[in-house]
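Read the numbers this way: they start at 1 and go in the same order the structure lists the ligands and their atoms.
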Amino acid sequence: MSFLYLDYNATTPVVPEAREAVLDALGAGFGNPSSDHEAGRRAKAILETARTRVAAAVGADPARVVFESGATEAIHHAVHAAGPGVVLASAVEHPALLAAVRARPDRTLEAIPVDGSGRIDPDGVLRRAGAGVRPALVAVMAAQNETGVLQPVAELVGPLRERGIPFLVDAVQQAGKLPLDFEAPDWLVVTGHKLGGPKGAGALVVRDGVPLPPLLDGGGQEGGRRGGTEPIPAIAGFGAAIDLVRRTRDDEAKRLRVLRDTLEEALLEALPGARVVGREAPRLPNTLSLLLPPGADGAAAVTALDRRRIGISAGSACHAGARHASRVLLAMGIAEEACFRAIRISLGRDTTEDGVGRVLEELPAVVREIRGA
Ligand code: PLP
């Protein structure tokens with residue numbers, strides 16, 4: 001039995017188009033794009049092709065795309081650019097955002113609550129933004145990595161801009177799976193390894209006229225917005241992957257939604273007492289966040305499935321030897337005990353009906369096994 005990978009929200013296999021682009025960049029494209037000779041120009045051409053591809057996929061002008069090492073750096077960069085003050089962020093943001101704010105003593109984090117389905121209330125955000133201390137930044141992710149729940153980002157872009165409040169949107173999970181159906185925020189974050197590219201390249205897309213002082217200054221690369229010689233192979237792979245996504249995303253979304261819904265319905269039937277997280281909300285088509293029935297621990301199910309060569313992830317995280325309930329699920333009002341029963345199954349390009357069938361066969365058996373243990 002081959003290994004069945006169902007953890008696409010963690011990272012994705014590198015698509016052949018990206019692999020080829022990486023190899024080409026490692027070979028003929030080895031030069032430094034800042035060099036004034038043939039090798040440099042070849043590297044520069046690869047860099048600019050990737051920039052154009054990223055720009056096309058997110059609906060921006062290429063000049064607005066700044067390459068970074070990934071989303072974590074891009075988020076830190078946007079928080080840096082926003083300047084000191086209150087950062088109003090959804091309670092379900094990625095830890096990179098929380099860390100970026102906490103690392104700076106002149107920033108304070110204020111959480112935007114989510115409801116039981118995992119969604120923020122845009123009117124509540126606008127009310128808060130207009131009252132009390134004016135936020136230096138509002139940060140709301142487009143799609144949540146654990147639950148797949150989509151946020152009403154489109155309803156915030158215009159009103160926040162009218163009020164002159166900078167807006168950061170982490171579109172890491174949505175970019176590979178659904179179109180970005182909202183106007184450009186001040187800063188938009190995407191990353192290559194979540195959409196079929198290699199690790200090591202992502203982008204911060206900056207709205208026209210919005211300043212972006214460098215986080216690390218150096219040789220003036222990326223229009224003086226990010227110092228450091230660009231990692232051309234990773235960027236080339238990112239560009240090739242996002243180009244493929246742009247062309248195939250709609251069909252893939254339809255295909256994955258059918259597979260996910262089939263899996264979801266069959267698991268709810270096979271596992272009485274199980275519950276789907278965020279089912280009432282608009283969600284990514286590939287993500288299933290499931291609370292297993294009482295008595296079935298999520299981390300134990302992940303381990304047991306791994307023994308059966310199926311890779312998924314648990315809703316709890318292990319830090320320094322202690323297990324913690326997911327901050328995201330707790331913010332949705334889910335009891336701590338139930339959070340420990342959470343698993344996440346995330347589908348992608350290589351997922352087939354057969355793969356879904358394998359989960360349907362193995363997961364109920366695993367749940368019986370761990371409840372009986
Ligand atoms: N934001 C979201 C929503 C994510 O899922 C991730 C990946 O875990 C990140 C940010 C960080 O991305 P990267 O690994 O490119 O730094």
Look at [X] together with [Y] and state whether they make a salt bridge at an N to O cut-off of under 4.0 Å.
{"X": "Arg41", "Y": "Glu38", "result": "no"}
{"X": "Glu230", "Y": "Arg51", "result": "no"}
{"X": "Arg255", "Y": "Glu252", "result": "yes"}
{"X": "Arg260", "Y": "Glu264", "result": "yes"}

At a 4.0 angstrom heavy-atom cut-off, ligand 1 is contacted by Gly70, Ala71, Thr72, His94, Met141, Asn145, Asp170, Val172, Gln173, Thr191, His193, Lys194
Point to revise | Donor + acceptor pair across side chains of Thr248, Arg349 (<3.5 Å) | key: yes
For Phe67, the ring-ring contact (aromatic ring centres under 6.0 Å, His included) test, sequence neighbours excluded, returns none
